[in-house]
Amino acid sequence: MSAEHDPLHQPSAPIVTEPVPDLQLQLLVRLLGQDAEAALPITLTVGGAFLHGDLISHEAWTTGWAHSLHGVDGPGAKLLERFPEQVDEVVEERQGRSAPQRLPQWIHLRDAIGVAGGGSVVMPLWRGRLTDVSGWSLGKPK
């Protein structure tokens, strides 16, 4: 067999890979999205760090986020009042109101604690891409 017919010696195009979210975690996030009052304790691995908190729905996160924006002071504070609603309107426009329910691409936590390198960071609300989560477990560390 000559080198030009040998598949191991053929020039190849670069392979492009994209991160893929965990299907079970996506389905869990979608399930939680059915009840804005629901919350589940969860621990995530994101970028080599641990993050734990209460998994909440997008709606609960948006409500909390909007509430936190009302507490912002400064010259631009007035502009933020309708920002969460404007974001939702743009998302609905892009996805279409009658589009079938897609799997979620984002995960939302309340009372999140990030732990890395011996230190920790507390965040009242946290939002992250599901593709950035490399591992997860229900429950929080003791």
Side-chain angles (χ1 to χ4, degrees), residues 3-142:
E4 61 188 58
H5 296 297
D6 184 354
L8 295 177
H9 290 93
Q10 296 298 314
S12 62
I15 297 173
V16 177
T17 59
E18 294 180 24
V20 177
D22 180 290
L23 180 60
Q24 290 180 9
L25 185 56
Q26 278 184 300
L27 292 172
L28 182 62
V29 169
R30 183 167 75 176
L31 177 67
L32 221 65
Q34 295 174 8
D35 183 355
E37 301 299 317
L40 287 173
I42 194 164
T43 300
L44 309 172
T45 306
V46 181
F50 288 105
L51 179 67
H52 58 90
D54 294 321
L55 176 62
I56 58 174
S57 69
H58 170 76
E59 182 181 346
W61 179 84
T62 300
T63 300
W65 185 48
H67 180 71
S68 71
L69 290 176
H70 290 296
V72 173
D73 291 327
K78 207 69 167 143
L79 296 172
L80 293 176
E81 285 182 2
R82 276 201 16 89
F83 188 59
E85 293 86 13
Q86 291 171 337
V87 169
D88 286 343
E89 289 168 8
V90 170
V91 169
E92 284 179 10
E93 275 178 28
R94 287 186 171 202
Q95 292 180 349
R97 296 175 196 265
S98 62
Q101 185 180 15
R102 296 173 25 183
L103 288 173
Q105 302 300 309
W106 299 90
I107 186 168
H108 303 89
L109 300 183
R110 178 179 54 220
D111 300 327
I113 299 174
V115 181
S120 64
V121 177
V122 178
M123 298 162 277
L125 291 170
W126 179 86
R127 172 182 165 100
R129 290 184 309 186
L130 279 163
T131 55
D132 291 335
V133 176
S134 59
W136 63 278
S137 174
L138 287 178
K140 298 178 190 176
K142 305 254 187 250

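Not measured: the values here are computed from a predicted model.
Between E59 and D88 there is no side-chain heavy-atom pair separated by less than 4.5 Å. Looking at H58 and W106, their side chains never come closer than 4.5 Å, going by heavy atoms from C-beta outward. Residues L51 and V133 fail the side-chain proximity criterion, which asks for heavy atoms closer than 4.5 Å. In this structure, Q26 and V29 have side chains that are not in contact, with every pair of non-hydrogen atoms separated by 4.5 Å or more. When side chains are defined from C-beta on, D132 does not count as touching P19, because their heavy atoms never get closer than 4.5 Å.
A pairwise comparison of heavy atoms in A49 and A116 identifies CB-CB, 3.6 Å as the closest pair. Minimum interatomic distance between L103 and Q105 (heavy atoms only, all atoms of both residues): O-NE2, 3.1 Å. Across all their heavy atoms, L32 and L55 have their closest contact at CD2-O, 2.9 Å. In this structure, L125 and G64 approach most closely via the heavy-atom pair CD1-C, 3.3 Å. Across every non-hydrogen atom of S57 and A60, the tightest pair is OG-N, 3.0 Å. Shown here for K140 and G53, the closest heavy-atom pair between the two residues is CE-O, 3.4 Å.
Here the options are T45, D22, L44, the test is side-chain contact (heavy atoms from CB on, under 4.5 Å), and the partner is S134; only T45 passes.
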Residues D54, L109; criterion side chain to side chain contact (heavy atoms under 4.5 Å, CB included); working and verdict: CA-CA 5 Å; D54 294 321; L109 300 183; over 6 Å; no

Step-by-step side chain to side chain contact (heavy atoms under 4.5 Å, CB included) determination, T131 to V20: CA-CA 5 Å; T131 55; V20 177; over 6 Å; no

Test side chain to side chain contact (heavy atoms under 4.5 Å, CB included) applied to L40 and L28, step by step: CA-CA 10 Å; L40 287 173; L28 182 62; 3.8 Å; yes

Criterion side chain to side chain contact (heavy atoms under 4.5 Å, CB included) on R110 and W61, from CA distance to verdict: CA-CA 7 Å; R110 178 179 54 220; W61 179 84; over 6 Å; no

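The aromatic rings of W65 and F83 stand perpendicular to each other, their planes meeting at an angle above 60°, with 30° marking the opposite boundary.
More than 12 heavy atoms of other residues, nucleotides or ligands sit less than 6.0 Å from atom CZ of R127.
No donor-acceptor contact under 3.5 angstrom links the side chains of T63 and H67, judged on distance only.
Atom CZ of R30 is separated from atom CZ of R102 by 12.0 Å, given to the nearest 0.5 angstrom. In this structure, Q24 CD and L31 CG are separated by 12.5 Å, a value rounded to the nearest 0.5 Å. Rounding to the nearest 0.5 Å places CG of L138 at 14.5 Å from NE2 of H52. Between the CD1 atom of I107 and the CH2 atom of W126 there is a distance of 6.0 Å, given to the nearest 0.5 Å.
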